[in-house]
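Working notes, structure below.
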Amino acid sequence: MTQLQNDTFLRALLREPVEYTPIWLMRQAGRYLPEYKATRSFAGNFLDLCHSVDLATEVTLQPIDRYNLDAAILFSDILTIPDAMGLGLYFEAGEGPKFECPLDDEANIELLTVPDMEKLRYVFDAVSSIRKAIDGRVPLIGFSGSPFTLACYMIEGGGSKDWRKVKTMLYSRPDLLHKILDITAQTVTEYLNTQIVCGAQAVQIFDTWGGVLSHSAFQEFSLRYMKQIISGLKRENEGRRVPVIVFTKGGGQWLELLADTGADALGLDWTVEMAQARARVGDKVALQGNMDPFALFGTQKSICAEVAHILEAYGNGSGHVFNLGHGINQFTNPEQVEILVETVHDLSRHYHQVA
């Protein structure tokens, strides 16, 4: 592989000295960019775009070509795993992802197994292709959904406002939910490890729906399985450490628990105060985040002020990766993103001066 020219993101995740605070954005390759819309239209539909190695490579690099970002993230979808498990993923216009064969009865759950990773070969081939195309400019992030987040879609058959079916199973048949989660955790571990072998230089676990759980349920049904995954991950490749980021949306109350998972960094949503988060986790982990995505709908002055506030709240030293508190909104003006990236780079140098 080509030698990495900008490893600021990886060093920050490991709390090593950096010259400035690195930045990347969740969903940075996506619907807010006109070039993405053109590629998506050419592909015909979202799944065809994900399945095409060449187009996934093109889409991953689009924001890297446009902005001075410090990392690329694989263009894919968290639901590739349940699709490989045979649940039949499809997208319905205006309604988001759905499954033809949801895990809505015990018989279906009993049939669930860890899938052959060859069913996900298109993802791994995309990782290898992106690494070659990116040519060492910035690191590549691989990712997966958390077992609980994936189970939410697998049981409901799609998205939900209240996750009623999932929570019904959680309280009435926890044994069935644990079976789903254990098999999914085994799958995620193998999936992420294969991404790492193919060239992912950091990985993130998206625990998007962990925040809907009670305190005890979070520990039993989400945290436990993320720990299981992290303990089984390949943590070194190509002669350097492969950092792991865990992001539980709505999980600010559990930062101390998340810091003990073995992850190198925690993603924060915008409801968490950065200074308080750093005080709570100390030097156990790096922190990633955490600007409200809708702050990008403000003025240049307000965007700069928000960046300044978050950087000041984190304070001096390494261990901070700037990001949004969730994925970038599809209606975001791309010019506002340019302002964000350059402002983070400019203002953050003050906090990394060597005495």
Side-chain angles (χ1 to χ4, degrees), residues 1-30 32-36 38-39 49-50 52-76 123-143 192 194-204 236-245 264-265 267 286 288 307 318-324 327-328 332 334-349 352:
M1 292 292 183
T2 306
Q3 186 171 354
L4 192 56
Q5 300 158 33
N6 176 2
D7 66 351
T8 310
F9 165 71
L10 297 178
R11 284 187 283 135
L13 288 177
L14 300 176
R15 304 185 308 286
E16 297 172 356
V18 292
E19 296 74 38
Y20 61 88
T21 301
I23 177 172
W24 71 279
L25 306 175
M26 289 184 278
R27 292 189 191 150
Q28 66 188 22
Y32 72 105
L33 290 177
E35 53 266 45
Y36 169 84
T39 307
L49 180 55
C50 289
S52 168
V53 171
D54 290 342
L55 294 183
T57 300
E58 178 182 318
V59 167
T60 299
L61 264 64
Q62 285 171 348
I64 304 304
D65 292 337
R66 181 185 271 260
Y67 306 117
N68 189 25
L69 292 159
D70 295 289
I73 182 165
L74 164 71
F75 179 79
S76 187
V123 176
F124 309 136
D125 287 346
V127 171
S128 299
S129 171
I130 294 162
R131 274 297 304 275
K132 184 177 179 181
I134 213 166
D135 198 29
R137 289 155 62 188
V138 292
L140 175 63
I141 307 166
F143 72 91
L192 289 178
T194 310
Q195 288 186 38
I196 291 167
V197 169
C198 290
Q201 291 150 292
V203 293
Q204 176 158 315
E236 188 168 319
N237 196 41
E238 301 177 50
R240 70 185 301 162
R241 187 169 175 85
V242 179
V244 178
I245 309 162
D264 298 285
Q288 178 178 279
V307 169
S318 189
H320 180 204
V321 172
F322 204 100
N323 207 317
L324 302 177
I328 189 168
T332 304
E335 293 180 6
Q336 305 293 73
V337 177
E338 177 77 26
I339 292 168
L340 171 65
V341 173
E342 295 309 315
T343 301
V344 170
H345 285 163
D346 291 343
L347 296 185
S348 65
R349 292 183 184 275
H352 298 280

Checking [X] now: which residues fulfil side-chain contact (heavy atoms from CB on, under 4.5 Å) with it, not counting sequence neighbours?
X	result
A38	none
T57	V53, S129, I130, A133
A12	V18, P22, S318, V321
A72	T60, I64, I134, V138, L140

Heavy-atom closest pair, residues [X] and [Y]:
X	Y	value
V344	V307	CG2-CG1, 3.8 Å
P243	Q201	CD-O, 3.3 Å
L13	A265	CD2-CB, 3.6 Å

Rounded to the nearest 0.5 Å, how far apart are [atom1] of [X] and [atom2] of [Y]?
X	Y	atom1	atom2	answer
N323	T21	CG	OG1	12.5 Å
I73	L69	CD1	CG	11.5 Å
L33	R27	CG	CZ	13.5 Å

Not counting sequence neighbours, which residues clear side-chain hydrogen bond (donor to acceptor under 3.5 Å, both in side chains) with D135? List them please.
T2
For E16, all residues meeting side-chain hydrogen bond (donor to acceptor under 3.5 Å, both in side chains), sequence neighbours excluded:
none
As a quick check of understanding, evaluate side chain to side chain contact (heavy atoms under 4.5 Å, CB included) for V59 and L49, giving each step before the final call.
CA-CA 9 Å; V59 167; L49 180 55; 4.0 Å; yes
Can you name the residues that form a salt bridge (charged side-chain N to carboxylate O under 4.0 Å, His left out) with [X], not counting sequence neighbours?
X	value
D125	R121
R11	D7, E19
D264	R235, R241

Before accepting this row, confirm whether a basic side-chain N of the pair D70/R137 lies closer than 4.0 Å to the acidic partner's carboxylate O.
no
Can you sort out the partners of Y36 under ring-ring contact (aromatic ring centres under 6.0 Å, His included), two or more places apart, ordered by chain and number?
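Y36 satisfies ring-ring contact (aromatic ring centres under 6.0 Å, His included) with F75 only.
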Residues that Y20 engages under ring-ring contact (aromatic ring centres under 6.0 Å, His included), provided they are two or more places apart:
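For Y20 the ring-ring contact (aromatic ring centres under 6.0 Å, His included) partners, ignoring immediate neighbours, are H345.
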Passes side chain to side chain contact (heavy atoms under 4.5 Å, CB included), W24 versus Q288? Steps please.
CA-CA 10 Å; W24 71 279; Q288 178 178 279; 2.9 Å; yes
Report the C-alpha distance between R240 and L4 in whole Å, list the side-chain angles of each, state the deciding distance to 0.1 Å, and finish with yes or no for side chain to side chain contact (heavy atoms under 4.5 Å, CB included).
CA-CA 11 Å; R240 70 185 301 162; L4 192 56; 4.1 Å; yes
Report yes if some heavy atom in the side chain of [X] is under 4.5 Å from a heavy atom in the side chain of [Y]; otherwise report no.
X	Y	value
S76	F143	yes
R66	P334	yes
L74	I141	no

Side-chain donor-acceptor contact under 3.5 Å, S52 with D54
no
Hey, can you pull the donor-acceptor pairs under 3.5 Å for the side chains in residues 336-343, sequence neighbours left out?
from: Q336; atom 1: NE2; to: G298; atom 2: O; distance (Å): 2.7
from: T343; atom 1: OG1; to: I339; atom 2: O; distance (Å): 2.6

Steps toward side chain to side chain contact (heavy atoms under 4.5 Å, CB included) verdict (Q62, Q28):
CA-CA 9 Å; Q62 285 171 348; Q28 66 188 22; over 6 Å; no
Within the supplied structure, the quantity of interest is the number of heavy atoms (other residues, nucleotides, ligands) at a distance under 6.0 Å from E335 CD; does it exceed 12?
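No, not enclosed.
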